[in-house]
Amino acid sequence: MPLRLIFMGTPDFSVPTLLELVAHGHDIAAVYTRAPKPGGRRGLQLQPTPVEEAARKLGIPVLTPKTLKTPEALDEFRAFDADAAVVVAYGMILPQAILDAPKLGCYNLHASLLPRWRGAAPINRAIMAGDAESGVMVMKMDVGLDTGDVAMAERIAISDSMTALDLHDRLSRLGADLMVRAMAALERGGLQLKKQSEDGVTYAAKIEKAEARIDWTKPARAVLRHIHGLSPFPGAWAELENARVKILRCELAKGSGEPGAVLDDKLTIACGDGAIRIIELQREGKGRMQAADFLRGVPLKPPMRLA
């Protein structure tokens, strides 16, 4: 028999898992997500989360509690009489009473190869650190920060051409399939759990705006991974003639020079060791554009430089 589930998630990353669970016949008793936030052009209209939008299209009840720590929130959660809860980037801590409520427990989809990159920004941090691979894991949740026992995992390679958005989209799809398989195993009583290793624990701290400025004195590959790890948001940036320019995609290139120096008319920029060539960028207050289109309006040549 299909499982009766509570789904808890918020951003785009979570939506494929919700859709796959529904497509495989599971009974989604309710969806928990974060409350709508002001958005739109003027910032006045309340914008529902991507998960809320998907759930309402499917006719699933949506709840947006500000906290799960009250007796009322616990009673409401228990009333759904769920077999299990599936949590994908929900963005709110689940207290022990909530974790204990479903008969079979709460299961989280995490976008890293645990115990590496526990925490808020595992996709960005894996790219920025130069990791060769990433992946998704399904774990049974406990009260720690991504410390629960792991059930299943999938790995993928991280290439130098991959941005955070590229990796996000691939892991989102891969994770949806993994969670469906995990719930099928749970349904059969065959989901096996393994404790996480205490070796290799790292934490993926939330990305701070101050990290976004590009340090051209670093080696070219480190600069490339920094740029791609922050693309498209918040976007790694440099200054060009006192205006910010976000660099969204680049590639390694031949050349050398003073860090930040423009080496040719094709947006090749010198780093501390080696160089990168900018492929896609965004001027302050403008839309993203290809380097060729940018150069038609702003011709960059030596001896100009990015600060």
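- The shortest side-chain heavy-atom distance between Val51 and Phe7 falls under the 4.5 Å cut-off.
- For the residue pair Ile278 and Cys250, the shortest heavy atom distance occurs at CA-CB, 4.1 Å.
- Annotation: the span from Arg305 atom CZ to Leu240 atom CG amounts to 12.0 Å, rounded to 0.5 Å.
- For the pair Gln290 (side chain) and Phe294 (backbone), a donor-acceptor distance under 3.5 Å is absent.
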Practice task
Could you check Leu171 against Phe13 for side chain to side chain contact (heavy atoms under 4.5 Å, CB included), going step by step and ending with a plain yes or no?
Solution key: CA-CA 8 Å; Leu171 292 181; Phe13 185 85; 4.0 Å; yes

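- The cluster map of Ile, Leu, Val, Met, Phe, Trp and Tyr, joined by side-chain heavy atoms under 4.5 Å apart, puts Tyr32 and Met179 in different clusters.
- Under the 3.5 Å distance criterion, with hydrogens and angles disregarded, no donor-acceptor pair is assigned to the side chains of Thr10 and Arg34.
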Problem - Test log, rule side chain to side chain contact (heavy atoms under 4.5 Å, CB included), inputs Ile214 and Leu306 - result: CA-CA 9 Å; Ile214 298 168; Leu306 297 176; over 6 Å; no

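- Between the side chain of Lys246 and the backbone N or O of Ala238, no donor-acceptor pair lies under 3.5 Å.
- Minimum interatomic distance between Met92 and Pro65 (heavy atoms only, all atoms of both residues): CE-O, 3.2 Å.
- For the pair His26 (side chain) and Val22 (backbone), a donor-acceptor distance under 3.5 Å is absent.
- Distance check, rounded to the nearest 0.5 Å: CD of Glu251 to OG1 of Thr268 gives 8.0 Å.
- In summary, Arg181 and Glu154 engage in a salt bridge, as defined by a charged side-chain N under 4.0 Å from a carboxylate O.
- Between Ala84 and Pro102, the shortest heavy-atom contact is CA-CB, 3.6 Å.
- Note: the hydrophobic cluster containing Met183 does not contain Val87 (ILVMFWY, side chain heavy atoms under 4.5 Å, direct or indirect links).
- Inter-residue side-chain proximity for Pro2 and Asp27 is flagged as unmet; no heavy-atom pair is nearer than 4.5 Å.
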Handout entry: Test side chain to side chain contact (heavy atoms under 4.5 Å, CB included) applied to Tyr90 and Leu68, step by step
Key = CA-CA 12 Å; Tyr90 178 41; Leu68 296 172; 3.9 Å; yes

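- Heavy-atom contacts from other residues, nucleotides or ligands closer than 6.0 Å to CD1 of Ile93 number 12 or fewer.
- Counting heavy atoms from C-beta outward, Arg244 and Arg283 have side chains that stay 4.5 Å or more apart.
- The line from CD1 of Ile158 to NE2 of His228 is 12.5 Å long, rounded to the nearest 0.5 Å.
- To the nearest 0.5 Å, the span separating CG on Leu186 from NZ on Lys140 amounts to 8.5 Å.
- At a threshold of 4.5 Å between non-hydrogen side-chain atoms, the residues Pro259 and Cys271 do not count as touching.
- Ion pairing of Arg225 with Asp131 is absent here, as no side-chain N (NZ or NE/NH1/NH2) approaches a carboxylate O to less than 4.0 Å.
- Clustering ILVMFWY residues whenever any of their side-chain heavy atoms sit less than 4.5 angstrom apart, transitively, puts Val86 in the very cluster that holds Ile60.
- Scanning all heavy atoms of the two residues, the minimum distance from Pro122 to Ala111 falls at CB-O, 3.4 Å.
- Within a 6.0 Å sphere centred on CG of Asp273, other residues, nucleotides and ligands contribute 12 heavy atoms or fewer.
- Using a distance-only test at 3.5 Å, with no hydrogens or angles considered, a donor-acceptor pair links the side chain of Thr33 to the main chain of Gly9.
- Glu211 places a side-chain N or O within 3.5 Å of a backbone atom of Glu208 that can act as its donor or acceptor partner.
- A salt bridge does not link Glu53 to Lys57: none of the charged nitrogens lies less than 4.0 Å from a carboxylate oxygen.
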Handout entry: Test log, rule side chain to side chain contact (heavy atoms under 4.5 Å, CB included), inputs Glu284 and Val245
Key = CA-CA 6 Å; Glu284 198 167 17; Val245 176; over 6 Å; no

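- With rounding to the nearest 0.5 Å, the separation of CG in Leu63 from CZ in Phe77 is 10.0 Å.
- At least one side-chain heavy atom of Ile98 sits less than 4.5 Å from a side-chain heavy atom of Leu74.
- Counting heavy atoms from C-beta outward, Met304 and Glu241 have side chains that approach closer than 4.5 Å.
- For the atom pair CZ of Arg173 and OG1 of Thr17, the computed distance is 12.0 Å after rounding to the nearest 0.5 Å.
- Ile227 has its side chain out of reach of Leu248: every pair of non-hydrogen atoms, C-beta onward, lies at least 4.5 Å apart.
- Remark: side-chain polar atoms of Ser112 are paired, donor with acceptor, to backbone N or O of Arg116 under 3.5 angstrom.
- Across all non-hydrogen atoms, the minimal contact from Ala270 to Ser256 is CB-C, 4.2 Å.
- In this structure, Arg288 pairs ionically with Glu280, as a charged nitrogen and a carboxylate oxygen lie closer than 4.0 Å.
- With hydrogens and angles ignored, the 3.5 Å screen pairs a side-chain donor or acceptor of Arg125 with a backbone N or O of Lys206.
- Asp160 is listed as a side-chain neighbour of Leu252, based on a closest heavy-atom distance under 4.5 Å.
- Not a single donor-acceptor pair under 3.5 Å links the side chain of Asp83 to the backbone N or O of Leu5.
- Applying side-chain contact (heavy atoms from CB on, under 4.5 Å) to Met137 and the options Val150, Asp146, Leu109 leaves one that passes, Val150.
- Between Glu20 and Ala176 the shortest heavy-atom distance is CG-CB, 3.8 Å.
- Ion pairing between Arg249 and Asp166 holds under the 4.0 Å rule for side-chain N and carboxylate O.
- A single hydrophobic cluster is not seen to contain both Leu230 and Leu224; linkage of ILVMFWY side chains at heavy-atom distances under 4.5 Å, directly or through other members, places them apart.
- One finds no salt bridge joining Lys194 and Asp149 here, because no Lys/Arg side-chain nitrogen approaches an Asp/Glu carboxylate oxygen to under 4.0 Å.
- Under the 4.5 Å side-chain contact rule for hydrophobic residues, Leu99 and Met139 do not share a cluster.
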Handout entry: Candidate pair Asp81 and Arg4, rule salt bridge (Lys or Arg N to Asp or Glu O under 4.0 Å), full reasoning
Key = CA-CA 8 Å; Asp81 194 29; Arg4 181 170 172 83; 5.5 Å; no

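- Counted within 6.0 Å of CD on Gln96, heavy atoms from surrounding residues, nucleotides or ligands total more than 12; the atom is thus considered enclosed.
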